[in-house]
Amino acid sequence: MKGTAHALGIKSLWIKDESKRSQLGSFKALGAPNALIKLILKHFPAFEADKILLGAYREQLANFAVVSATDGNHGRALAAASQSSGCPCTIVIHAQVSKEREDAIAAYDATMVRIAGNYDESVEEADRIAKENGWTVVSDTSYEGYTEIPRDVMQGYGVMAAEIVEQLEDNQKKPTHIIPSRWRRWFGSRSVQLLLGTLRSRASHICYRRTKPS
């Protein structure tokens, strides 16, 4: 990003680009699959983790249903992981989610439920559906009595921080500022905090802005 760095009047600028990591085009592709795999292994400890998303246990998982509320990207990542593993997946969206995002999630064979309310109400509806049907919520949003799976989602996002540390060390770079523009919601993850502690030893400032969930 030499041109942008020059325009900003700084020596150099690096960007962690998550758009090419997978066909989902979002860092959310790291979180939902990690949480889903951990959940499946908890219920089916004999399964091999690296075979789950390859569909090796599709028949055994045919009735292992999951559900989540979303603004878009988390739901799409969960739907994709569920499709790959063979788990039925239901995604709850609220009134402000665009038809484009709905279609992008539905493309991964998820059952879509749209409510008239807001995001918080979609979270409540997903929880209600799960309890009514004996399914499991796989959400990136924690709430009272529900914290373990969101932590697993956040742990998946920690891969980005680990990669940043490794790339900085490999190139012997020491940034002065780190601006995680989309990381606000997973700063609470212990694994990410430990890795960001390493980044803090190299940077004088870590800045972030508040963002809403997706």
Side-chain angles (χ1 to χ4, degrees), residues 18-19 22-40 42-43 61-158 160 180-189 192 208-214:
E18 288 296 305
S19 66
S22 75
Q23 63 180 359
L24 298 178
S26 167
F27 73 88
K28 295 295 180 79
L30 293 168
N34 184 66
L36 183 61
I37 288 172
K38 285 197 166 190
L39 176 66
I40 291 171
K42 182 177 180 179
H43 289 268
L61 294 172
N63 295 310
F64 190 75
V66 295
V67 58
S68 180
T70 189
D71 266 338
N73 287 330
H74 171 74
R76 190 180 178 204
L78 179 60
S82 298
Q83 183 189 60
S84 296
S85 62
C87 297
C89 178
T90 296
I91 300 296
V92 182
I93 56 176
H94 58 86
Q96 300 305 312
V97 175
S98 69
K99 183 65 165 58
E100 180 182 13
R101 285 195 167 196
E102 179 181 4
D103 291 344
I105 299 169
Y108 291 96
D109 297 329
T111 298
M112 304 301 297
V113 175
R114 181 182 285 273
I115 67 166
N118 58 25
Y119 177 77
D120 289 342
E121 289 171 310
S122 69
V123 171
E124 293 172 359
E125 178 64 8
D127 185 67
R128 186 195 67 78
I129 290 173
K131 290 175 179 175
E132 185 178 271
N133 293 281
W135 300 346
T136 303
V137 176
V138 181
S139 176
D140 58 348
T141 298
S142 59
Y143 46 88
E144 186 176 356
Y146 181 78
T147 58
E148 181 179 352
I149 290 176
R151 280 199 300 267
D152 291 337
V153 173
M154 301 302 147
Q155 184 183 56
Y157 300 157
M160 289 184 292
S181 62
R182 291 291 297 174
W183 294 0
R184 175 63 181 90
R185 297 188 62 251
W186 54 278
F187 259 44
S189 166
V192 173
Y208 60 84
R209 63 182 176 84
R210 187 177 182 85
T211 58
K212 67 178 182 177
S214 61

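Just so it is clear, the structure is predicted and the values come from calculations on it, not from any experiment.
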Inset, instruction - Inspect the surroundings of CG in Asn133 and state if more than 12 heavy atoms from other residues, nucleotides or ligands are less than 6.0 Å away. - result: yes
Inset, instruction - Nearest 0.5 Å please: distance from the CH2 atom of Trp135 over to the CG atom of Asp127. - result: 13.0 Å
Inset, instruction - Report the C-alpha separation of Thr70 and Tyr119 in whole Å, then their side-chain angles, then the decisive distance to 0.1 Å, and conclude whether the side-chain hydrogen bond (donor to acceptor under 3.5 Å, both in side chains) test is met. - result: CA-CA 7 Å; Thr70 189; Tyr119 177 77; over 6 Å; no
Legend entry - Which atom of Ala126 lies closest to which atom of Val67, heavy atoms considered: O-CG1, 3.7 Å
Inset, instruction - Begin from the C-alpha positions of His94 and Asp120 and carry the test side-chain hydrogen bond (donor to acceptor under 3.5 Å, both in side chains) through to its verdict. - result: CA-CA 9 Å; His94 58 86; Asp120 289 342; over 6 Å; no
Legend entry - Distance-minimising heavy-atom pair for Cys89 and Ala79: SG-CA, 3.9 Å
Legend entry - Expected output: side-chain Asp109 to main-chain Gln83 donor-acceptor under 3.5 Å: no
Legend entry - Nearest non-hydrogen partners of Ile115 and Glu121, listed with the distance: CD1-C, 3.5 Å
Legend entry - Under 3.5 Å donor-acceptor, Tyr108 side chain and Gly75 backbone: no
Inset, instruction - Search all heavy atoms of Ser82 against all heavy atoms of Val66 and return the closest pair with its distance. - result: OG-CG2, 3.5 Å
Legend entry - Under-4.0 Å salt bridge between Glu124 and Arg128: no
Inset, instruction - Grab the two heavy atoms, one from His74 and one from Val138, that are nearest each other, plus how far apart they are. - result: NE2-O, 2.9 Å
Legend entry - Heavy-atom closest contact (Leu61 atom, Ser85 atom, distance): CD1-O, 3.5 Å
Inset, instruction - Report yes if some heavy atom in the side chain of Lys42 is under 4.5 Å from a heavy atom in the side chain of Glu148; otherwise report no. - result: yes
Inset, instruction - Please round to the nearest 0.5 Å and tell me the distance separating atom CD of Gln96 and atom CZ of Arg114. - result: 9.0 Å
Inset, instruction - Can you measure from OG (Ser122) to CG (Asp71) and round to the nearest 0.5 angstrom? - result: 7.0 Å
Legend entry - Ile149 side chain reached by Leu39 side chain, heavy atoms, under 4.5 Å: yes
Inset, instruction - Look up atom CD in Gln155 and atom CZ in Arg151, then write down how far apart they are to the nearest 0.5 Å. - result: 10.0 Å
Legend entry - Straight-line distance of Asn73 CG to Leu78 CG, nearest 0.5 Å: 12.5 Å
Inset, instruction - Take Asn34 and Leu30 through the side-chain contact (heavy atoms from CB on, under 4.5 Å) test and state the conclusion after the steps. - result: CA-CA 7 Å; Asn34 184 66; Leu30 293 168; over 6 Å; no
Inset, instruction - Assess whether side-chain contact (heavy atoms from CB on, under 4.5 Å) is satisfied between Ser139 and Val153, documenting all intermediate values. - result: CA-CA 8 Å; Ser139 176; Val153 173; over 6 Å; no
Legend entry - NZ on Lys99 to CD1 on Ile93, rounded to 0.5 Å: 9.0 Å
